[in-house]
Amino acid sequence: TIRFSVTSNGLSGEEWITHLEGLGHRGSDYAKSLLRAPAFRPTRGVTTTIAVIPGSFWKTDAGRTTSNIRAEGSKRDWKQGLDLNPEVACLIREMFSDEELKDRGLWAIVAMHEPINGSDGNPNLLAANRNDDDSWLDTYYDNPDNQWNVDNGFAFGVPPVSSVAATAVSHLERQFALLDPVSLIDYASRRASSQFRLMVAIERPTSSRSMRYFPTRPGSRIWRCPT
């Protein structure tokens, strides 16, 4: 998964067309129709953490469908649909050159926002791609059964880590720094009902055992469970 942050700049759809063209990016007619649609509503100063799931996450073309991709985003509790502003596609196009997409093994990054009806009347998603060896802001048809290419990436918004989770992680990192060899390999935070759950997975390179720490609610102790 590729992660990065983008911050909105208040540009309208029409202003994005001019701005991206000035940077050397081309906009397809379909993309321009989405940018000019009433559903494209810009914001200013909103920072969104983006997570991109590469198409290779799904091992078969049959499994790499729009419905499965959105289901995976929902499983991870990531923002999509109405919770993800379409402008993030423009910000991604602004951020990444075609060479940088290629270096990451991607032909396109598709923003999984709520689809917008384009000039063809069909629901579409905005995407940054390098189609025909050129730099584009383009669109893809949002059909639930659509099968995507393995070199596409799918962009979701990641909710910010709460102060409770951040404090717990900081505490664990300080403890882990005293252990050798220990590497902090990943953490994930989720909100379940009214309780906040944080899971930090720790792996010892010299051992097949791992430890998982579960603060089950704000202010609770951190319990260590060997697995």
Side-chain angles (χ1 to χ4, degrees), residues 1-8 16 19-21 23-28 30-31 34-35 47-81 83-116 123-161 183-189 201 203 205:
T1 303
I2 304 167
R3 296 202 184 202
F4 54 91
S5 294
V6 294
T7 301
S8 61
W16 267 117
H19 178 63
L20 291 176
E21 288 178 348
L23 296 176
H25 304 299
R26 302 175 65 183
S28 70
Y30 287 134
L34 264 62
L35 294 178
T47 297
T48 304
T49 299
I50 300 294
V52 179
I53 306 177
S56 57
F57 176 83
W58 294 270
K59 302 307 179 185
T60 65
D61 291 342
R64 199 179 305 108
T65 62
T66 304
S67 58
N68 285 346
I69 292 165
R70 288 199 180 276
E72 183 62 29
S74 296
K75 178 181 176 182
R76 303 186 189 201
D77 200 25
W78 287 352
K79 296 179 180 179
Q80 58 177 306
D83 292 326
L84 186 67
N85 195 303
E87 68 187 347
V88 300
C90 302
L91 294 164
I92 291 170
R93 178 68 283 181
E94 179 185 46
M95 174 175 284
F96 290 97
S97 67
D98 280 5
E99 192 63 29
E100 288 171 325
L101 291 179
K102 184 177 180 180
D103 289 345
R104 289 163 174 78
L106 297 175
W107 193 264
I109 297 179
V110 184
M112 303 305 291
H113 58 78
E114 184 73 6
I116 300 174
N124 285 274
L125 303 174
L126 287 165
N129 72 22
R130 51 187 182 91
N131 193 28
D132 297 326
D133 294 325
D134 210 342
S135 179
W136 287 85
L137 180 72
D138 210 344
T139 62
Y140 288 88
Y141 181 37
D142 185 59
N143 183 331
D145 298 325
N146 186 41
Q147 294 184 10
W148 297 80
N149 293 332
V150 69
D151 53 7
N152 291 152
F154 307 95
F156 296 84
V158 179
V161 178
S183 60
L184 179 62
I185 61 171
D186 192 19
Y187 72 85
S189 59
E203 181 178 344

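If you read the sequence from its start, that first residue is 1, and numbering goes on from there.
Annotation: side chain of D145 is not in contact with side chain of T65 (no heavy-atom distance under 4.5 Å).
Looking at N149, its side chain never comes within 3.5 Å of a backbone N or O of D151 through a donor-acceptor pair. D98 places a side-chain N or O within donor-acceptor distance of the main-chain N or O of S135, the cut-off being under 3.5 Å. Distance alone, capped at 3.5 Å, is enough to place a donor-acceptor pair between the R93 side chain and the N129 backbone. Side chain of W78 to backbone of F156: no donor-acceptor contact under 3.5 angstrom is found.
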(request) Please report the C-alpha distance between N124 and L34 in whole Å, then the side-chain angles of each, then the deciding distance to 0.1 Å, and finally whether the side chain to side chain contact (heavy atoms under 4.5 Å, CB included) criterion is met. (result) CA-CA 8 Å; N124 285 274; L34 264 62; 3.9 Å; yes
(request) Apply side chain to side chain contact (heavy atoms under 4.5 Å, CB included) to the pair Q147 and D61, showing each step before the final yes or no. (result) CA-CA 6 Å; Q147 294 184 10; D61 291 342; 4.0 Å; yes
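Residue N143 holds its CG atom at 9.5 Å from CH2 of W148, rounded to the nearest 0.5 Å. In this structure, CZ on R130 lies 8.5 Å from CD on E99, to the nearest 0.5 angstrom. Atom CD1 in I69 sits 10.5 Å away from atom CD in Q80 (nearest 0.5 Å). Expressed to the nearest 0.5 Å, how far CE of M112 lies from OG1 of T66 amounts to 6.0 Å. How far NE2 of H19 is from CG of L23: 4.5 Å, rounded to the nearest 0.5 Å. Atoms CD and CH2, from E87 and W16 in turn, are 8.0 Å apart once rounded to the nearest 0.5 Å.
Taking both residues in full, the closest heavy atoms of R76 and T1 are given as NH1-OG1, 3.6 Å, listed atom of the first, atom of the second, then distance. The minimum heavy-atom distance between F154 and W58, with the atom names listed, is CD1-CZ3, 4.1 Å. Nearest heavy atom pair, residue S5 against residue T49, reads OG-OG1, 3.4 Å. For L84 against H113, the heavy-atom pair with the smallest separation is O-CB, 3.2 Å. Pairing each heavy atom of G63 with each of N68, the nearest pair is O-ND2, 2.9 Å. Residues R64 and K59 approach most closely at NH2-C, 4.3 Å, considering heavy atoms.
In summary, the side chains of N146 and Y140 do not present any donor paired with an acceptor at a separation below 3.5 Å, with no hydrogens or angles considered.
Across S28, P86, P115, a single residue satisfies side chain to side chain contact (heavy atoms under 4.5 Å, CB included) together with L126, and that is P86.
A salt bridge links R70 with D142: at least one charged nitrogen is closer than 4.0 Å to a carboxylate oxygen.
Looking at residues two or more places apart in sequence or on another chain, you find a side chain to side chain contact (heavy atoms under 4.5 Å, CB included) between F4 and I2, V6, I50, V52, I92, M95, F96.
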